[in-house]
Amino acid sequence: MQNTAPEANTEAPVKSVIQLNNVHKWYGEFHVLKDINLNVDQGERIVICGPSGSGKSTMIRCINRLEEHQQGQIIVDGVELTNDLKHIEQIRREVGMCFQHFNLFPHLTVLENLTLAPIWVRKVPKAEAEEIGMKYLERVKIPEQAEKFPGQLSGGQQQRVAIARSLCMNPKIMLFDEPTSALDPEMIKEVLDTMVELAETGMTMLCVTHEMGFAKTVADRVIFMDEGQIIEENEPHQFFDNPQHERTQLFLSQILAH
Amino acid sequence: MEDTQRSPDLAPPSSIVGPVGWLRANLFSSPANTVLSLVGLYIVYVLFVPVLDWAFFSADWIGTNKDACSSEGACWVFVGQRMDFFIYGFYPKAEYWRINVIFVLLAAMIVPQMIEKAPYKEYLGWFFLIGFPIISGILLLGGIFGLDAVPTDKWGGLMLTLVISFVGIIAALPIGILLALGRRSEMPVIRIICTAFIELWRGVPLISVLFMASVMLPLFLPEGTNFNKLLRALIGIVMFQSAYMAEVIRGGLQAIPKGQYEAAAALGLGYWKSMGLVILPQALKLVIPGIVNTFIALFKDTTLVLIIGLFDVLQTVSSAIVDPAWPEVSTEGFVFAAFVFWVFCFSMSRYSINLERKLHTGHKR
């Protein structure tokens with residue numbers, strides 16, 4: 001099995017795994033993404049922030065085609081996203097995603113949530129899938145919850161299960177869409193710790209989040225979006241200490257004020 | 001701090017628990033309630049005692065003809081004497097065993113479903129859906145394996161009612177699921193076809209569907225085409241009920257949050273796998289009451305096949321009560337028919353409640 005997490009590998013030539021070239025998207029009349037250009041290298045950790053309605057969630061949801069873009073080019077792991085269902089499913093197998101509201105399957109136990117996709121998409125035998133599932137549950141530190149239903153878990157535990165569920169597919173890229181914003185404050189830390197550990201394994205990560213502490217410790221690059229455009233991107237120290245753009249300064253002053 | 005001993009839990013006084021407590025709390029909690037309770041009990045007494053007396057205490061149970069019946073109470077002798085007709089219709093007497101075999105098989109499959117930890121439940125379920133209908137079809141129709149052929153116009157009574165409802169239930173659910181998915185499809189052609197189908201069948205009364213099937217359809221078919229009457233009725237009922245079923249299931253599909261579809265898609269599950277593994281198990285569970293409601297309606301609607309000359313259980317009863325050998329037994333006949341329908345419908349209702357409880361996973365998203 002190829003289920004070992006990808007290790008950080010500094011010798012291999014850095015490879016671009018996600019490319020967005022001149023991407024535009026409209027919701028009806030509303031121009032939600034305007035000429036997005038983004039290049040993500042393998043192993044890179046990117047934090048995307050910006051005011052609500054700025055298109056940051058829409059952008060990462062375009063990467064696994066939960067949203068369709070109308071113009072431009074998106075290439076993920078060497079495959080271009082078009083209407084071709086085969087390409088879409090191929091990309092979705094390699095791209096894990098965690099949602100704001102976890103979206104665990106409430107009718108399945110925690111372990112069944114974890115093994116569903118490996119069994120039905122990757123055709124892994126059930127026993128092996130359960131072994132992998134338990135391994136990741138241990139990694140997110142809740143193996144004792146395996147037989148429970150998601151509704152019996154706390155929000156933080158559910159989000160950790162959701163992360164484990166994505167990891168069971170052995171993805172090359174992980175997308176996080178505001179993973180902590182539906183959580184009570186005392187549960188945010190346990191999820192962030194899990195994400196930090198994941199980052200340390202060398203996983204390519206794109207996180208839409210307002211957790212600036214996480215951005216400072218983990219991110220290689222912080223991207224600020226507003227009104228459907230990438231306004232500014234920089235490595236975290238520069239980004240926080242010396243924001244170039246007026247709107248970035250305003251945004252940072254608002255979220256860091258308290 | 002002073003060292004206090006924990007006081008032991010004492011049993012509550014009998015005035016608040018047990019039968020006495022229950023009576024006090026529910027029937028005699030105030031003078032006004034006491035009066036109301038007594039009035040209520042009196043009404044129950046006045047209404048039900050004569051009914052019980054008629055149906056049980058003064059009823060006649062044993063005998064072979066109308067002379068065994070006094071005029072005091074119900075004449076159950078009549079129902080007993082015509083029971084074969086009510087159950088088997090015009091099926092040849094020598095072949096009753098075939099229907100009995102099916103009843104035994106049915107019971108053998110249903111009983112384990114009621115028991116929480118019965119083994120092989122899953123296999124029994126599949127046998128129920130696939131093997132059982134085939135075996136029953138062979139047994140009922142005959143014509144192969146040395147069984148005499150029994151034409152469907154000899155079928156009748158409870159057996160016919162069960163055949164129609166069983167086929168209706170087994171076929172309407174999957175067709176309803178497909179129609180519901182089709183109506184929510186992103187492909188316009190499929191969506192329009194499914195919507196049109198549902199609205200067409202839902203917009204006409206079942207009785208006219210059956211009438212069309214038996215009178216109009218032969219007019220459109222080429223001369224000499226003989227299309228079995230029962231089959232026509234079955235197709236009509238299945239189409240009609242699957243349209244209703246589709247709308248019930250669509251309600252369930254719409255109640256599933258968008259996040260579930262997205263999570264399934266993000267894991268790489270395709271359309272059919274997302275639906276089959278993630279969406280439908282949740283949606284169907286949500287609408288169990290509606291599905292069972294449709295099943296019960298279907299079961300009772302089978303009585304309408306009388307319009308095309310098929311003898312369901314109600315029709316066998318109403319034809320038996322006009323028998324001159326048994327004057328004045330119509331009340332007994334219809335009470336019996338009502339009881340038969342009630343037993344089946346109530347069982348379905350209880351089973352659905354049981355199922356809901358079993359599938360509850362202690363969550364609210």
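To find a chain, count down the sequence lines: A is the first, B the second, and so on, and within it residues start at 1.
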### Query
Is chain B contacted by the side chain of A:Phe105, its backbone, both, or neither, given a heavy-atom distance below 4.5 Å?
both
### Message
Does B:Lys300 have more than 12 heavy atoms from other residues, nucleotides or ligands lying within 6.0 Å of its NZ?
### Response
no
### Query
Is a side-chain N or O of A:His107 found less than 3.5 angstrom from the main chain of B:Leu277, in a donor-acceptor match?
yes
### Summary
Among A:His101, A:Arg165, A:Arg93, the residue with the most heavy-atom pairs under 4.5 Å to chain B is A:Arg165
### Query
How long is the gap from NZ on B:Lys258 to CG on A:Asn103, to the nearest 0.5 Å?
10.0 Å
### Spacing of NZ belonging to B:Lys273 relative to CD1 belonging to A:Ile119, to within rounding of 0.5 Å
11.5 Å
### Query
Which members of residues 263-271 of chain B, sorted by number, sit under 4.5 angstrom from chain A on a heavy-atom basis?
B:Ala263, B:Ala264, B:Ala265, B:Ala266, B:Leu267, B:Gly268, B:Leu269, B:Gly270
### Query
Is the count of non-hydrogen atoms from other residues, nucleotides or ligands lying under 6.0 Å from B:Glu186 atom CD greater than 12?
no
